[in-house]
Protein chains: 2
Amino acid sequence: MIELKDLPDCPVETTLFLISDKWKVLIIRDLLNGTMRFGELKKSITGISQKVLTQHLRAMEESGLISRKVYAQVPPKVEYTLTETGMSLKPVLDAMWHWGLKYKSNNTDNRKTSKRD
Amino acid sequence: MIELKDLPDCPVETTLFLISDKWKVLIIRDLLNGTMRFGELKKSITGISQKVLTQHLRAMEESGLISRKVYAQVPPKVEYTLTETGMSLKPVLDAMWHWGLKYKSNNTDNRKTSKRD
DNA sequence: TTCTATAGTAACCTATATGAAACTATTGGA
DNA sequence: TCCAATAGTTTCATATAGGTTACTATAGAA
C-alpha cells in the first residue's frame, strides 16, 4: 500500500505520482464508462502491450484506483473497475477532455487565419 | 509547429500528447504564478537537470504552451511565460491539485480507521 | 485427443528518458 | 588579468519503460 510519507508535498505532484502516465490515464478514461475485462482494455487502448497493461493495472490496484475481480472459471475472466478514488478522477479527465478539444479547435482556427505556414 | 493531423482523435489523448509528462506539468504549475527565469525554474523544480529542463521548455514552446523572451544582456536573462493556451490549462492543474489533496486526506482517514496495517 | 479461449508470467532485448560533467559566450567587476 | 554570473549545448553513461516471443493453466468443444 502506498503510504502518506511516500507522497510529495505538492498536491499536483501527488496526482502526478499516481497518474503522470499516458497509459494509466487511458485506462482510467476507459474504465470511467464502466467495468471492463482485461481483453477489452487491451483492445481498447491502442498500442499497449499485454505486459505493460498488466504492470499498470497492478500499480493502479496498489494505489487504490481500481479493483480487480477474478471469476473462477475457464477460460479466465477478470474484471477491472474504478474504485471510488479512481472515479473521483473524473473531473481531472473532464478538464483534460475539454482542454484537448479546445487546443485542437484553436489549432484549426490559427491555421485558417495564419499568414504564414 | 504541431499539426492537427499529428494529434490523436481522443481529446484526452491530445492533452496527454502535450503534457503527459511530470516535468511539463510542474513547469506549468510554476508558470501559472507568473513569468519566471530559467534559473528560477531550475531551482523551483526539484530534481530536474538543466538539460531536461531545456528540452521540455523547447518542446512546450513548440507546442505553443509557453513563450520565451531573451534579453540582450550579459550574463544572459531569459524569461518564460505561459501563453494563453498554456494558461488555459489552469482548470486541469486545479483539478489535479484538488484530487491530490483529497487522495492524501483519504489516505490519512483510511489509515486511522483501518483494521489491518 | 487436440484445439481454443483468456489472462496472465518470464526472459530477453531495445528504445527512450534522464543524469553528470565539461564546455561556451560575454561583460562587468576585483 | 582573471573570475563570476546566466543560460545554455554537447557528450557519454545509466536507468527506466516498453516490445516481442514463448510459455502456463484448464474446461469444454470438435
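Residue numbers begin at 1 in each chain, while the letters A, B, ... track the order of the sequences.
- Put simply, NZ on A:K42 is 12 Å from C1' on D:dG19, counting in whole angstrom units.
- When all heavy atoms of A:P8 and A:T14 are compared, the pair lying nearest together is O-OG1, 3.0 Å.
- Remark: P of D:dT20 and CD1 of A:I48 are 13 Å apart, rounded to the nearest angstrom.
- The line from CE of A:M87 to OG1 of A:T81 is 8.5 Å long, rounded to the nearest 0.5 Å.
- In this structure, A:R37 reaches the C:dA7 phosphate: one of its side-chain N or O atoms is under 4.0 Å from OP1 or OP2.
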Handout entry: Sequence-aligned protein contact record of nucleotides 8-13 of chain D, with B where the base is within under 4.0 Å of a protein heavy atom and S where only the sugar-phosphate is
Key = BSBB--

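- Distance, A:K24 NZ to D:dT16 P: 14 Å, rounded to whole Å.
- When the P atom of D:dG18 is taken as reference, atom CG of A:L26 falls 11 Å away, rounded to whole Å.
- Atom CD in B:Q73 sits about 12 Å away from atom C1' in C:dT26, given to the nearest Å.
- The two atoms that bring B:G64 and B:T83 nearest to each other are O-OG1, 2.7 Å, heavy atoms only.
- To the nearest angstrom, P of D:dA17 lies 8 Å from NE2 of A:H56.
- For the pair A:L26 and B:L16, the minimum side-chain heavy-atom distance is below 4.5 Å.
- Per the geometry, NZ belonging to B:K43 stands 11 Å off P belonging to D:dA5, to the nearest Å.
- Hydrophobic clustering (ILVMFWY, side-chain heavy atoms < 4.5 Å, transitive): A:V74 and A:Y71 are in distinct clusters.
- Phosphate proximity of C:dT18 to B:W23: present, with a side-chain N or O under 4.0 Å from OP1 or OP2.
- Contact between A:V25 and A:M96 at its shortest, heavy atoms only, is CG1-CE, 4.2 Å.
- Separating the CG atom of A:L41 from the P atom of C:dG8 is a distance of 10 Å, rounded to the nearest angstrom.
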